[in-house]
Protein chains: 2
Amino acid sequence: MIAEASTHAPLSVDKKAADDVGTLSTKVSPVEKCREFLLTKGLRMTRERSILTEEIFADHEHFDAEQLIQRLAQRTDGKRVSRSTIYRILPLLEEAGMLRKVARQDGRDVYEHDYGYPRHDHMICRKCNRLVEFKNTRVRELVEEIASEHGFRTEAHRLEVYGLCRTCSRPPESRHKKLNLL
Amino acid sequence: MIAEASTHAPLSVDKKAADDVGTLSTKVSPVEKCREFLLTKGLRMTRERSILTEEIFADHEHFDAEQLIQRLAQRTDGKRVSRSTIYRILPLLEEAGMLRKVARQDGRDVYEHDYGYPRHDHMICRKCNRLVEFKNTRVRELVEEIASEHGFRTEAHRLEVYGLCRTCSRPPESRHKKLNLL
DNA sequence: CTAAGTGCAAATGTTTTGCAGAATC
DNA sequence: GATTCTGCAAAACATTTGCACTTAG
């Protein structure tokens, strides 16, 4: 099941091209942060929630539910977390401000960390599918400014820039060859 | 578990609060534009494609597939278009550059016109779910500027601002009346 | 004519849910 | 100890697809 033959260069994040994204201000571990949130809601920190949170924050890659299910729902050791539980915890982590949906690819919601990783926006190359992260304070400022003009109280924003990355927009180059661009 | 009591006021677009969004530069009718596209692909302009295109471009509201199905799949006059056909045509209109997905709400893809309507961005109220459109030239300028710093060639962008709209951020307020908000 | 398009019903794939037993506070 | 959680299997949904029949070009 889950056909999945897509050619999507899936979710690759171009860290090299990113600006000042990468500085990490660790205060509390993700699991701790999650526990705090759960407390405020009168909910409980369970083994499953802890396992899933650790798995998710083990790296900074983007991911979707299916990937977590692949990794966690078939373990035989004590670290198994079922499909339903995974689907139930993800919205909690979102509500906790630790995750956010950034896209939908192949019929699935794609998440990224919203905790322990600096705020940033994305440039997406329509050719190589590369996701370039960038950080620019003026974006936030402008958003803030526009919002206030509309009496809107900003909590977050998402800016995605679509186009061609440096590599893909560079014509076959040098020569007199016909550039088959576009 | 996972509360989820969302009050989704679905897809309402607050035109009043919108800025200069509204100027319309009509060149060719949507149906014509669509026909042109179909021609280039060796495809045919059918009654169903024409009906659907007209229905979609009759107003500038955002919509999802289900809404079109509601309106078109149960007609008894000659204007019926089936569910499958609707789902088959939507991607065509996207490819034609006439529509684009702008969000996902309640598990459905939300579309908006990408033809005959000026470019704009969105503010989305997390409480009443209202979609406020706004247009601000500085957004495009800033995007352009940032992109070029990264050697990125911009083709389009999407900016969504999340937060609370004027109404929802106003505290229960003044009166003792229960405002059944909205 | 003949390739492309449509409607229907059935299939797919993701996400949600009711329940009974298990675990946290 | 009561409430919240988990896993399971089944359900709910949105979207897609196979097929026989229509239709545009």
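Every chain is numbered from 1 and lettered A, B, ... according to where its sequence line falls, protein lines coming before strand lines.
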inquiry  = Between Ser84(A) and dT6(D), is there a contact of a side-chain N or O with OP1 or OP2 at under 4.0 Å?
reply    = no
query = To the nearest Å, how far apart are Leu90(B) CG and dA14(D) C1'?
reply = 13 Å
Between protein and nucleotides 10-13 of chain D, what N or O pairs are separated by less than 3.5 Å?
none

note = Of the candidates dT15(D), dT15(C), dG18(D), the side chain of Arg88(B) sits closest to dG18(D)
request  = Starting from the C-alpha separation in whole Å, work towards a yes-or-no answer on side chain to side chain contact (heavy atoms under 4.5 Å, CB included) for Met98(B) and Asp114(B).
outcome  = CA-CA 5 Å; Met98(B) 300 179 65; Asp114(B) 199 9; 5.7 Å; no
message = Under 4.0 Å, heavy atoms only, any strand: does Arg104(B) hit a base, just the sugar-phosphate, or nothing?
response = sugar-phosphate
request  = Would you jot down, in residue-number order, the residues of residues 37-46 of chain B having a non-hydrogen atom under 4.0 Å from DNA chain C?
outcome  = Leu43(B), Arg44(B), Thr46(B)
Passing option when Arg71(A) is tested against Glu61(A), Glu66(A), Glu55(A) for salt bridge (charged side-chain N to carboxylate O under 4.0 Å, His left out) = Glu55(A)
message = In this structure, how many angstroms lie between the C1' atom of dT24(C) and the CD1 atom of Ile89(A), rounded?
response = 14 Å
message = If I take atom CZ in residue Arg80(A) and atom P in nucleotide dG7(D), what distance separates them, rounded to the nearest angstrom?
response = 6 Å
query = Under 4.0 Å: is that the gap between some side-chain N or O of Arg83(B) and OP1 or OP2 of dG7(C)?
reply = no
query = Are Tyr111(A) and His62(A) near enough that their ring centres are under 6.0 Å apart?
reply = no
request  = Establish, from distance only, whether the side-chain atoms of Glu133(A) and His60(A) form a donor-acceptor pair under 3.5 Å.
outcome  = no
task = Answer with yes or no after comparing the ring centroid distance for His113(A) and Phe57(A) against a 6.0 Å cut-off, counting only values under it.
result = yes
remark   = Between NZ of Lys101(A) and C1' of dT14(C) the distance, given in whole Å, is 12 Å
request  = Using a strict cut-off of less than 4.0 Å between a Lys/Arg side-chain nitrogen and an Asp/Glu carboxylate oxygen, indicate whether Arg153(A) and Glu155(A) qualify as a salt bridge.
outcome  = no
task = Would you mind checking if Glu36(B) and Lys33(B) are paired as a salt bridge, meaning a charged N to carboxylate O distance below 4.0 Å?
result = no
remark   = When Arg35(B) and Pro91(B) are each assigned the nearest nucleotide of DNA chain D, the 5'-most assignment goes to Pro91(B)
query = Rounded to the nearest 0.5 Å, what separation is found between the OG1 atom of Thr85(A) and the CD1 atom of Ile69(A)?
reply = 10.5 Å
task = Rounded to the nearest angstrom, tell me the gap between atom CG in Asp106(A) and atom P in dT12(C).
result = 18 Å
ask   = Can Arg80(B) and Glu48(B) be counted as an ion pair, charged N to O under 4.0 angstrom?
value = no
request  = Check whether any side-chain N or O of Tyr87(B) sits under 4.0 Å from OP1 or OP2 of dT15(D), and answer yes or no.
outcome  = yes
